[in-house]
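Step one of this worksheet: look at the structure below.
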Amino acid sequence: MSKLNLSKGASRRSAYDLRKSRSSNAEPHTLSILVDNEAGVLARIVGLFAGRGFNIESLTVTEVDHTGHLSRITVVSTASDDVIQQIRAQVETVIPVHEIVDLTKDGHSIERELALFLVDEEQISRTQAQELAESFGARLIDTKTNHIIIEKSGTSDEIDELFDRLRSAGLKEISRTGVVGLSLTT
Amino acid sequence: MNIEKLNHSPSVFDEAGQENVDPNLMSGAQIVIEALKAQGVDVIFGYPGGAILPIYDWLPKAADGKIHHVLVRHEQGAVHAAEGYARATGKPGVVLVTSGPGVTNSITGLADARMDSVPIVLISGQVPTFMIGTDAFQEADSIGISRPCTKHNWLIKDTNEIADVVHSAFHVAQAGRPGPVLIDIPKNVQIAKGLYQSPHARHRQRYQPKTRPDHWKMETLVEWMETAKRPIFYTGGGVVNSGVRASRLLTELVDATGFPVTSTVMGLGCYPASGKNWLHMLGMHGSFEANHAMHDCDLMINVGARFDDRITGRISHFSPHSRKAHIDIDPSSINKNIQVDLDIIADAAEALEMLLEIWTSRGRKKDQSSLNEWWKTIGQWREVKCFSYDHDTHFIKPQYALERLEALTAGMDRYITTEVGQHQMWAAQFLRFDEPRRWQTSGGLGTMGYGVPSSLGIQMAHPDALVINVAGEASWLMNMQEMCTAVQERAPIKQFILNNEYLGMVRQWQELLHEENYSQSYCDSLPDFVKLAEAFGFKGISISRPDELDDAIIEMLEYDGPVIFDCRVVKLEGCYPMIPAGNAHNEMWLGPPNRDQSEKAEESVLV
Ligand SMILES: Cc1ncc(C[n+]2csc(CCOP(=O)(O)OP(=O)(O)O)c2C)c(N)n1
Ligand SMILES: [Mg+2]
């Protein structure tokens with residue numbers, strides 16, 4: 001069984017969100033960092049954030065160039081503009097870093113996240129689930145078993161919305177990738 | 001050359017089954033030594049152990065007498081000695097240690113070098129690659145442990161990569177803002193054979209920090225300089241690190257503009273203390289005139305300093321009326337603690353040169369009448385004579401001891417290092433430096449135990465110079481084992497200990513901020529320093545009366561070998577002036593404060 005205990009307020013857009021509010025001018029920024037994919041590079045970036053007290057709301061990383069061995073790390077961090085500037089400058093001091101872009105600030109960009117929801121088949125029928133998924137622009141994954149799994153990609157807010165809907169409809173498990181993004185200003 | 005193509009199996013068999021060994025192949029250990037030679041390394045500070053033995057095996061065989069190894073007595077000492085060497089020469093300091101405890105013992109030194117921007121290349125042994133992660137004997141996650149206190153580090157898994165990594169390491173340690181790097185080499189990688197590559201064979205390094213300032217920004221700064229009424233140069237260790245040219249240019253610019261100049265504890269000597277525009281060090285124990293000028297200025301030109309909390313005091317009250325320009329080679333040092341009006345990412349020498357050039361080409365303009373007013377105000381602050389103290393005819397005041405040391409050694413080929421505490425701040429206040437690299441101290445990390453090994457490192461770089469460690473008795477004990485090394489190296493380092501029998505700086509804070517609750521700051525059971533010196537095999541001097549001071553200092557200077565100078569000073573002297581943590585620059589204490597004042601130091605949570 002799931003170790004997750006999904007209660008009210010578990011989604012970001014919930015009115016029950018009990019996390020400490022941050023200083024008023026703090027906003028989430030999506031930072032896209034291109035690095036040499038060498039051993040320990042992720043630890044360098046994450047260690048820098050942890051060591052200097054910068055927050056990480058979400059993190060994704062994978063190799064994007066398999067011959068040049070470059071990885072893209074996408075970090076969402078909520079902070080004021082000053083702090084984001086300092087994060088950028090600090091990240092740039094890390095030797096294997098090629099580039100850091102603030103997708104939220106540096107021109108146009110798109111951001112997406114992918115989530116998988118496992119729903120209790122005793123609380124919702126496959127057809128109901130199908131309809132629900134479609135109304136959210138999501139789809140059911142064919143697992144060749146009885147399990148009902150909904151796959152949704154979209155903005156984090158859209159995923160939160162579907163989450164809120166499913167929580168009362170037998171949601172058992174959820175896994176999210178965290179944000180990936182692309183800059184449209186090149 | 002494409003290393004990949006060598007396929008990591010350098011020894012191949014020909015058709016007759018004969019082993020066909022490439023004559024260019026060397027063991028990893030030999031490659032390390034070759035690479036160090038190619039980098040011009042002449043001194044290594046190190047300590048052997050199991051995982052680094054192959055390199056120690058090759059050291060006498062491959063070094064051709066070009067590299068001298070100094071056998072320290074503790075790895076922390078090795079790193080501080082390498083720092084001493086690096087800061088006195090401008091060349092990177094090189095350290096060789098074994099795995100596990102060899103690396104963990106080095107960590108304080110690496111953290112110190114990171115804070116104070118000292119180029120260090122540390123090579124450590126590691127357990128063989130096939131044992132990594134098994135909790136092998138003397139295994140530690142050296143890369144993980146050292147990551148936050150190095151600029152970069154490498155674990156080498158292939159012998160063919162060694163030369164490339166060592167050359168890169170020297171580049172990274174020195175380029176941009178200098179700092180320590182660590183190379184971890186598993187024992188089997190040291191033993192396996194591979195190819196050496198010279199530094200020239202390498203492709204261009206990707207890591208190329210910006211050194212040339214933006215011209216338009218420098219023009220803006222010159223415009224500000226032309227109209228400034230109360231300007232000040234606030235300089236730091238970046239000027240020293242940039243090289244003598246930066247110091248020369250700074251001096252030229254300061255003297256030509258007639259602007260006042262101050263410096264952090266890291267930057268002492270980058271503008272001569274004998275120069276007429278010198279306001280002395282600023283900051284927590286800096287001069288009255290420097291701190292007040294920083295507070296009241298209308299243009300602050302920061303060259304190579306980083307707005308450390310020891311400098312700024314209370315941030316919200318820091319220099320409220322000034323435009324601030326910050327020249328720094330490290331972009332992450334700009335707008336970190338203090339938001340500035342003009343950020344100039346550049347090497348100090350290049351920036352100063354361009355500044356001088358633009359200011360000259362625009363006709364060397366300045367607001368002379370306002371400057372005259374400004375100097376008049378500064379003159380009033382100078383009149384306060386903030387470093388004055390009460391003399392004593394029976395007991396030695398630490399300030400007096402340093403005044404006599406200064407008087408009797410001024411003009412000599414002299415290098416000073418220190419430990420950490422009151423004595424360190426008095427040394428910064430009372431000794432004078434007319435050139436960069438003549439003074440060093442653990443500034444950013446404040447590492448007690450820095451002085452003894454760093455004095456050894458300086459002496460290794462400058463065998464004929466006079467090297468003095470101005471020490472506190474408590475700090476001095478922290479790395480005193482390196483006196484053995486000094487004897488072995490015949491390094492005549494002078495240990496000038498201002499012995500107040502207290503963790504003096506701690507005692508001072510307890511006096512001022514903790515209601516005189518002197519918890520654990522008295523040093524009972526100190527050794528007899530004269531006997532200790534004799535046990536090590538050199539000279540010990542102990543004095544406690546002011547009239548003995550001059551003769552004793554001369555005796556120390558004339559002795560051909562290391563000396564421990566136990567200078568018994570008054571025990572309860574406070575180091576002033578002082579801006580308690582959290583106060584503003586214009587809220588300095590010139591002497592022990594009355595109660596109300598110390599209660600006003602509300603931010604005593606600050607360190
Ligand atoms: C390794 C380390 N531990 C603790 C401290 C905190 N500390 C700063 S100054 C000081 C006292 C130093 O005493 P001493 O060396 O006798 O110098 P004094 O202040 O008496 O001149 C201490 C304990 C430090 N800076 N470094
Ligand atoms: Mg003391």
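We name chains A, B, ... by the order of the sequence lines, and we start the count at 1 in each one.
- Of the atoms belonging to A:Q85, not a single heavy atom falls under 4.5 Å from chain B.
- There is no contact between B:L155 and chain A, counting heavy-atom distances below 4.5 Å.
- Using a 4.5 Å heavy-atom cut-off against chain A, no residue of residues 178-189 of chain B qualifies as contacting.
- When the shell of 6.0 Å around NZ of B:K217 is examined, it contains more than 12 heavy atoms from other residues, nucleotides or ligands.
- With rounding to the nearest 0.5 Å, the separation of CD1 in A:I95 from NE2 in B:H171 is 8.0 Å.
- Annotation: side chain of B:N153 is in contact with side chain of A:R44 (closest heavy-atom distance under 4.5 Å).
- Between B:S332 and A:R88 there is no side-chain heavy-atom pair separated by less than 4.5 Å.
- Only the side chain of B:D330 comes within contact range of chain A, judged by heavy atoms closer than 4.5 Å.
- In A:R126, the CZ atom is crowded: over 12 heavy atoms of neighbouring residues, nucleotides or ligands sit closer than 6.0 Å.
- Inter-residue side-chain proximity for A:Q86 and B:N335 is flagged as unmet; no heavy-atom pair is nearer than 4.5 Å.
- Neither the backbone nor the side chain of A:E92 has a heavy atom closer than 4.5 Å to any heavy atom of chain B.
- For a residue to count as touching a neighbouring chain, one of its non-hydrogen atoms must lie under 4.5 Å from one of that chain's; by this rule A:V97 touches chain B with the backbone only.
- Here the side chains of B:R177 and A:T93 are not in contact, with every heavy-atom distance at 4.5 Å or above.
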